[in-house]
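The structure appears right after this line, and notes come after that.
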Amino acid sequence: MDRIKYIEKWRMFKLDTQHSSYICALVDEPAYLAQIYYGRRISDDDVRSLASIGDWGGVPSSNPRDKLTFTDSYPFEYPVSGCGDFRETALRVRTESGHAACELFYSGHRIEEGKPSLEGLPATFGDNAQTLIITLKDPLIGLEAELYYSVFEDSDALIRSVKLVNGGKDALYLERALSVAFEIRRTDAELLTLNGAWARERHIQRNPVAYGYQGVFSRRGESSHQHNPFIAVLSGDCRQEQGEAYGLSLCYSGNFRAGVFKDPFERIRVMAGIDPEDFCWKLEPGDHFTCPEAALVYSAQGLGGMSRTYHDLYRDHLIRSAWKDRLRPILINNWEATYFDFDSEKLLAIAKEAAKSGIEMLVMDDGWFGNRYDDNRALGDWQVNEEKLKGGLKKLVDGVNALGLKFGIWFEPEMVSPDSELYRAHPDWAIAVPGRKAGLGRNQYVLDLTRPEVSEHVFRCLTEVLDSANIEYVKWDMNRPLSDLGSLELPPERMGEFSHRYMLAVYALQEKLIKRYPELLLENCSGGGGRFDAGMLYYSPQIWCSDDTDAIERLAIQEGTALVYPLSCMGAHVSDCPNHITGRSTPFETRGQVALAGTFGYELDITRIPAEDRARIPGQVELYKKYHMLIAQGDYYRLESYGENGAVDAWMVVSRDKSEALVSFLQVKNVPNKYWMGLKLAGLDPERLYRWEEGEAHGDSLMYAGLMIHYMPGDFRGKLIHLTT
Ligand code: GLA
């Protein structure tokens, strides 16, 4: 593999993915590292002409009287605060003397085969990779920044991370340590972000990139419902399958910051990493700090090209679970069916009815432990409530298994209710600032998992339950953000490390869990989709997408989610109507069709829904079995966005060999006096003949002229079209 080169003559590094090139260069002596180019692949390695792109106005060695002009405009590869870069920077380091000035010069590089893992952090993996490590150093304070760049042979992504090493004699304080920075130079750029709130996560938003800083962040200790750790910078003409897109996805689930800074010269610095607001990391001499990894994707095929690269990258190089390529069991979850009001009898009745319809797993949600009769108490008391589960958990699980269903269980391991045995025994285990009453969220506190005795206790509780019965699935929930940050064991000068240490502790716990139970199907969740990020995908092959199960609300949520994350990881369930969140009623078939876009399941009381709905479940189960592997493994194309057109939603998946495709069309609103539309398909083989239930046509006519779809009477009407060759 020869994807990374150091071209000595021009002092340039050139990294090639299948369709993109990334170039940086050494300039001046001592040498600064500049970012020269990122975009469509350049086949020629003689890239010396690009050296002028930066227009650096004279390097310091030849123009020392104007060094600040240089530092204020130079496209630093890893920009640092304090020595004249007045823009938004990636690194800020304070010394024991209180100064926050740092300047990084090239000190060496190496190119290695393979892709290194990241200590304690989620990271992409794979053998077919090459990695460039460029070391920069501040000679005065001894800080070293090792910049990591990896490319996989089969991917268009560029993976980056940074390791900061204190090679000096005194302690250093990292006040800001972002994972990545790169520059884009164009005047028509737009910034795409995924935003929302609980029950309406990851709605797509696009804004022109204006002068100054623009971006998103989370300071909630989780990646958040409000903003996703993903941004893209687009050309103004970027659409689904045209134009240019630069994606930046951070593989991290805690506080983050991702944004762009446009300087007076129309250069756009794109950056992402841990949010500096609640961050300060002390590095003793010899210590190092590893920044989370970021995946950059350049696409010349619009948003669709970018999404497909991320889907492949995360499916092939990030998700590890034994379940990643397996057909996941169709589950039925009792949350919307019963909330806290259930017992073994009710669950067995649901399981019995579910088994008749072909459902394969019962998931017992919140409310099975301690004194948990509502959401005001008992988190932390992970002992089975035998008033609800008479005869204990094993009896229930055996009963469910005897009906032919697997059994799954809900936990919220990171939390404690003030009204719980655990809190009464260990009030100091909750995160709080001494002397200040910590704020409650859903009447619960967060456990200080950075303390080994706390995380060991939590792990013991989990394993005691999991070892007590045949439990094959865990839903790991997290229902409030972190606030009032304080940990009893951290010294004052390390208190700023808390949020990141918390995230590392969550990762370590999940790692321990999946190592101990390699066959366990783990689904992450955070009040719906508050921790839907690449970091979590390293531990669980699926994540609950949103507490909003309304089929129409789900369109925008799932469209935004699928922009980056593979369909195989998107938890999507059919629920009862009127929907518990919106009060909206949609046809049962439509709810099924929308849920088919992800890891399919039910979230309803199957014993009480209308008989005609129940009768439709076996048909939906069949559809799932027939199409899910195509959906989970195929290439995804977004055809129509309801958010943009106000009437219809459509997407499709095409098998790798283009022999098969599935189109999902949803008419949200009937369009009067229009009768039909030509839905332009994508990703097909233009020359092949495709057949579907009502006709046949060649790929080119389906893509260029479109597939004729007749509008159906009424609203919320769906149609699935299966194309075969
Ligand atoms: C969160 C989850 C729900 C459900 C409840 C239980 O809101 O997203 O699916 O598990 O918690 O309290």
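The residues of the chain are indexed from 1 along the displayed sequence. Below, each value reflects all heavy atoms present in this structure, side chains not excepted, and no hydrogens, waters or symmetry copies. Note that the coordinates shown come from a computational prediction; the quantities given were computed from them, not determined experimentally. In listed order, ligands and their atoms are each counted from 1.
Classified by interplanar angle (parallel below 30°, tilted 30° to 60°, perpendicular above 60°), the ring pair Trp410/Phe369 is parallel.
Going from atom CZ of Arg257 over to atom CZ of Arg219 covers 6.5 Å, rounded to the nearest 0.5 Å.
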Mind listing the N or O contacts between ligand 1 and protein, cut-off under 3.5 Å?
from     : atom 1 : to     : atom 2 : distance (Å)
ligand 1 : 7 (O)  : Asn479 : OD1    : 3.4
ligand 1 : 7 (O)  : Asp547 : OD2    : 2.8
ligand 1 : 8 (O)  : Gly528 : N      : 2.8
ligand 1 : 8 (O)  : Asp547 : OD1    : 2.5
ligand 1 : 8 (O)  : Asp547 : OD2    : 3.1
ligand 1 : 9 (O)  : Lys475 : NZ     : 2.7
ligand 1 : 9 (O)  : Asp547 : OD1    : 3.3
ligand 1 : 10 (O) : Asp365 : OD1    : 2.6
ligand 1 : 10 (O) : Asp365 : OD2    : 3.3
ligand 1 : 10 (O) : Trp410 : NE1    : 3.0
ligand 1 : 10 (O) : Lys475 : NZ     : 3.0
ligand 1 : 10 (O) : Asp477 : OD2    : 3.3
ligand 1 : 11 (O) : Asp477 : OD2    : 2.9
ligand 1 : 11 (O) : Asn479 : ND2    : 3.2
ligand 1 : 12 (O) : Asp366 : OD2    : 2.6
ligand 1 : 12 (O) : Arg442 : NH1    : 2.8
ligand 1 : 12 (O) : Arg442 : NH2    : 2.9

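Residues that satisfy the ring pair (Phe, Tyr, Trp, His ring centres under 6.0 Å) test with Tyr507, not counting sequence neighbours, are Tyr539. Taking the ring pair (Phe, Tyr, Trp, His ring centres under 6.0 Å) definition, one finds that Phe230 meets it with Tyr310, sequence neighbours left out.
The pair Glu622-Lys625 does not meet the salt-bridge criterion, since no charged nitrogen lies less than 4.0 angstrom from a carboxylate oxygen.
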Name every donor-acceptor pair, under 3.5 Å, that has one atom in a side chain of residues 572-580 and the other anywhere in the protein, sequence neighbours excluded.
from   : atom 1 : to     : atom 2 : distance (Å)
His573 : ND1    : Glu603 : OE1    : 2.7
Ser575 : OG     : Thr549 : OG1    : 2.8
Asn579 : OD1    : Ile581 : N      : 2.8
Asn579 : OD1    : Thr582 : N      : 3.1
Asn579 : ND2    : Thr549 : OG1    : 3.2
His580 : ND1    : Tyr339 : OH     : 2.6

